[in-house]
There are 2 protein chains.
Amino acid sequence: MSYRTDILNAATKLFAERGFKDTSIVDLSRLSGAAEGTIFHHFKTKEEILVQLLRKVKDDILHEVSSKIQRNGTGLMLVERTVELFLMLSETMEYEFLLLFRNYPYQLASINPECRQSIEEIYNCFLDLLIEGIEKGQSDGTVRICKPFRMGIIIFSMVIGIVRFKIFHLYPVESCYSDILESCRRMLR
Amino acid sequence: MSYRTDILNAATKLFAERGFKDTSIVDLSRLSGAAEGTIFHHFKTKEEILVQLLRKVKDDILHEVSSKIQRNGTGLMLVERTVELFLMLSETMEYEFLLLFRNYPYQLASINPECRQSIEEIYNCFLDLLIEGIEKGQSDGTVRICKPFRMGIIIFSMVIGIVRFKIFHLYPVESCYSDILESCRRMLR
DNA sequence: ACAAGTCCCGAGTGAGTACTCGGTTTGTTT
DNA sequence: AAACAAACCGAGTACTCACTCGGGACTTGT
């Protein structure tokens, strides 16, 4: 039982709530209970904490997606399931999503390419599912003829936008979920 | 001819490109040509620069909106014009939009309530136009029966998401503009 | 000419930062 | 129990940051 996981947990919380730059090692030390020296015993630099944290978040989310997404049914159903899953995960994995949205692409992209890559893999995972669903839907007749990539981008940006509104408490959107799915169907049919 | 505007111009560029926290007074001094002391002669604190900057951005955008938006025509047309205007402004006022998207609601919200208020006014300006268009459209028959606020939120989040993708070069979206308008129509009709 | 005021300068200040280092504790192996 | 390594500690270091201060230059009104 080392402080390693305590430090990562503290980092998840603080990086998500305040962002990377606004969290100091002293903050991490206080919240995790580990001395500053201990933190640098487990992680070479502050940046290294973020890199490992994001790698873990990426693994968790990709695992969650691959275990929850079912590919039976129509293409339109796959799109709907992807949207629903994203909305659901943004609640069950709130801190992880907060972390993604708060730190990207603002500080992160320039800080570290590995961070950026982790986050892009997460983004692409969902976008690819949407595109796959649209293409499949065009084969089975549940989706109209349109450019899959473009419509995937549009739907994805809509869902991300909604989640951002919710996570940062800008507008109340919980009541919109059914309207979002209905909007997707209308856009694609 | 004082350094005041030079400092604000430098701040617009640097806060937009790097964010508030990642821009130092030395950076501002170098880019504007004004000595550090001169910066603090014109602005009480670094935060004060941001406050005044955002107030100006808000005024500029609200003025642009009120001068460009025409209310003749159907409700659906008002929605489409609002979306088009937002997309257009995100190009003609690129730095200002970058500034909005980079700094909100991450560092800003907690830093200063006046900053937050400026940005919320900008957001609400567009959202209110969308809602107005939807309600008007429901009267004149160009928009189906739905909750105006919810659909306004959904359309707004879609447009913001697209602009974010573009501004940060995450995905190529320039080609999507006509699809976005088409999607709006399908969602509302 | 002189006083007042604005603009400007940049070295200096103190607080905070990420990170280091020498040494202590704890756990494991033999 | 002795030996070794991993985990842990916190004072110390070098650096960056926003901000101050005392004074110089230029403009304006009297």
Side-chain angles (χ1 to χ4, degrees), chain A residues 1-56 99 102-103 106-116, chain B residues 1-56 99 102-103 106-116:
Chain A
M1 280 294 103
S2 80
Y3 271 113
R4 196 170 183 284
T5 52
D6 300 285
I7 295 165
L8 279 179
N9 287 340
T12 308
K13 184 172 158 62
L14 293 179
F15 290 171
E17 283 173 352
R18 314 179 188 175
F20 178 74
K21 275 261 172 183
D22 287 336
T23 301
S24 70
I25 298 295
V26 177
D27 293 331
L28 285 174
S29 169
R30 265 199 281 266
L31 186 60
S32 66
E36 291 184 53
T38 307
I39 295 178
F40 286 100
H41 170 73
H42 288 289
F43 304 92
K44 244 178 65 185
T45 62
K46 184 186 170 190
E47 198 177 313
E48 176 76 12
I49 302 175
L50 186 61
V51 171
Q52 298 205 20
L53 195 55
L54 281 171
R55 201 181 310 162
K56 186 174 172 302
L99 193 70
R102 191 177 297 280
N103 289 285
Y106 312 96
Q107 305 100 329
L108 281 202
S110 52
I111 287 181
N112 190 297
E114 195 176 342
C115 290
R116 185 179 181 115
Chain B
M1 282 295 100
S2 82
Y3 272 114
R4 196 170 184 284
T5 50
D6 300 288
I7 295 165
L8 279 179
N9 287 340
T12 308
K13 184 172 159 61
L14 293 179
F15 290 172
E17 283 174 351
R18 314 179 188 177
F20 178 75
K21 275 265 172 181
D22 287 337
T23 301
S24 71
I25 298 294
V26 177
D27 294 330
L28 285 174
S29 169
R30 267 198 281 264
L31 185 60
S32 66
E36 291 185 54
T38 307
I39 294 177
F40 287 101
H41 170 73
H42 288 289
F43 304 93
K44 246 178 63 186
T45 62
K46 183 186 171 190
E47 196 177 317
E48 176 75 14
I49 303 175
L50 185 62
V51 171
Q52 299 205 20
L53 195 56
L54 281 172
R55 200 180 309 162
K56 187 175 172 303
L99 193 69
R102 192 176 297 279
N103 290 284
Y106 312 96
Q107 304 99 331
L108 280 203
S110 51
I111 287 181
N112 189 298
E114 196 177 342
C115 290
R116 186 180 180 114

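Lettering follows sequence order; numbering is per chain, from 1. Please read all numbers here as calculations on a predicted model, not as lab measurements.
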Does the pair N9(A) and K13(A) meet the rule for a side chain to side chain contact (heavy atoms under 4.5 Å, CB included), with working shown? CA-CA 6 Å; N9(A) 287 340; K13(A) 184 172 158 62; over 6 Å; no
Respond yes when some side-chain nitrogen or oxygen of S2(B) is under 4.0 Å from OP1 or OP2 of dC7(C), and no when none is. no
Tabulate below the donor-acceptor pairs under 3.5 Å that side-chain atoms of residues 35-45 of chain A make, not counting sequence neighbours, or state none.
{"from": "T45(A)", "atom 1": "OG1", "to": "E47(A)", "atom 2": "N", "distance (Å)": "3.4"}
{"from": "T45(A)", "atom 1": "OG1", "to": "E48(A)", "atom 2": "N", "distance (Å)": "3.1"}

5'-most by nearest nucleotide on DNA chain D - H41(A) or E36(A): H41(A)
A34(B), nearest nucleotide to its side chain (from dC9(C), dG10(D), dA18(D)): dC9(C)
Think K21(B) forms a cation-pi with F20(A), using NZ or CZ under 6.0 Å from the six-ring centre and within 45 degrees of its axis? no
What is the distance, rounded to the nearest whole Å, between atom CG of D6(B) and atom C1' of dC7(C)? 13 Å
What integer distance in Å separates I39(A):CD1 from dA7(D):P? 15 Å
Whole-Å gap separating C1' (dG16(C)) and NZ (K21(A)): 13 Å
Checking dC17(D), dC8(D), dC9(C) against the side chain of H42(A) (C-beta onward), the nearest is dC8(D)
Rounded to the Å, how far apart are K46(A) NZ and dG16(C) C1'? 12 Å
Closest to the A35(A) side chain, choosing from dT17(C), dG10(C), dG10(D): dG10(D)
Rounded distance in Å - CD1 (I25(B)) to P (dC15(D)): 22 Å
Which value, rounded to the nearest 0.5 Å, describes the distance between T12(A) atom OG1 and L54(A) atom CG? 9.5 Å
So does T38(B) get a side-chain nitrogen or oxygen closer than 4.0 Å to the phosphate oxygens (OP1/OP2) of dC9(C)? yes
Of the non-hydrogen atoms in Y3(B) and A34(B), which two are nearest, and what is the gap between them? CG-CB, 3.5 Å
What integer distance in Å separates F40(A):CZ from dC8(D):C1'? 14 Å
Mind checking if T23(A) touches a base, just sugar-phosphate, or nothing, with heavy atoms under 4.0 Å? sugar-phosphate
In whole angstroms, how far is the P atom of dC9(C) from the CG atom of L28(B)? 14 Å
In this structure, how many angstroms lie between the C1' atom of dA18(D) and the CG atom of N112(B), rounded? 16 Å
Closest listed nucleotide, where the reference is the side chain of T45(A) and the choices are dG10(D), dC19(D), dC19(C): dC19(C)
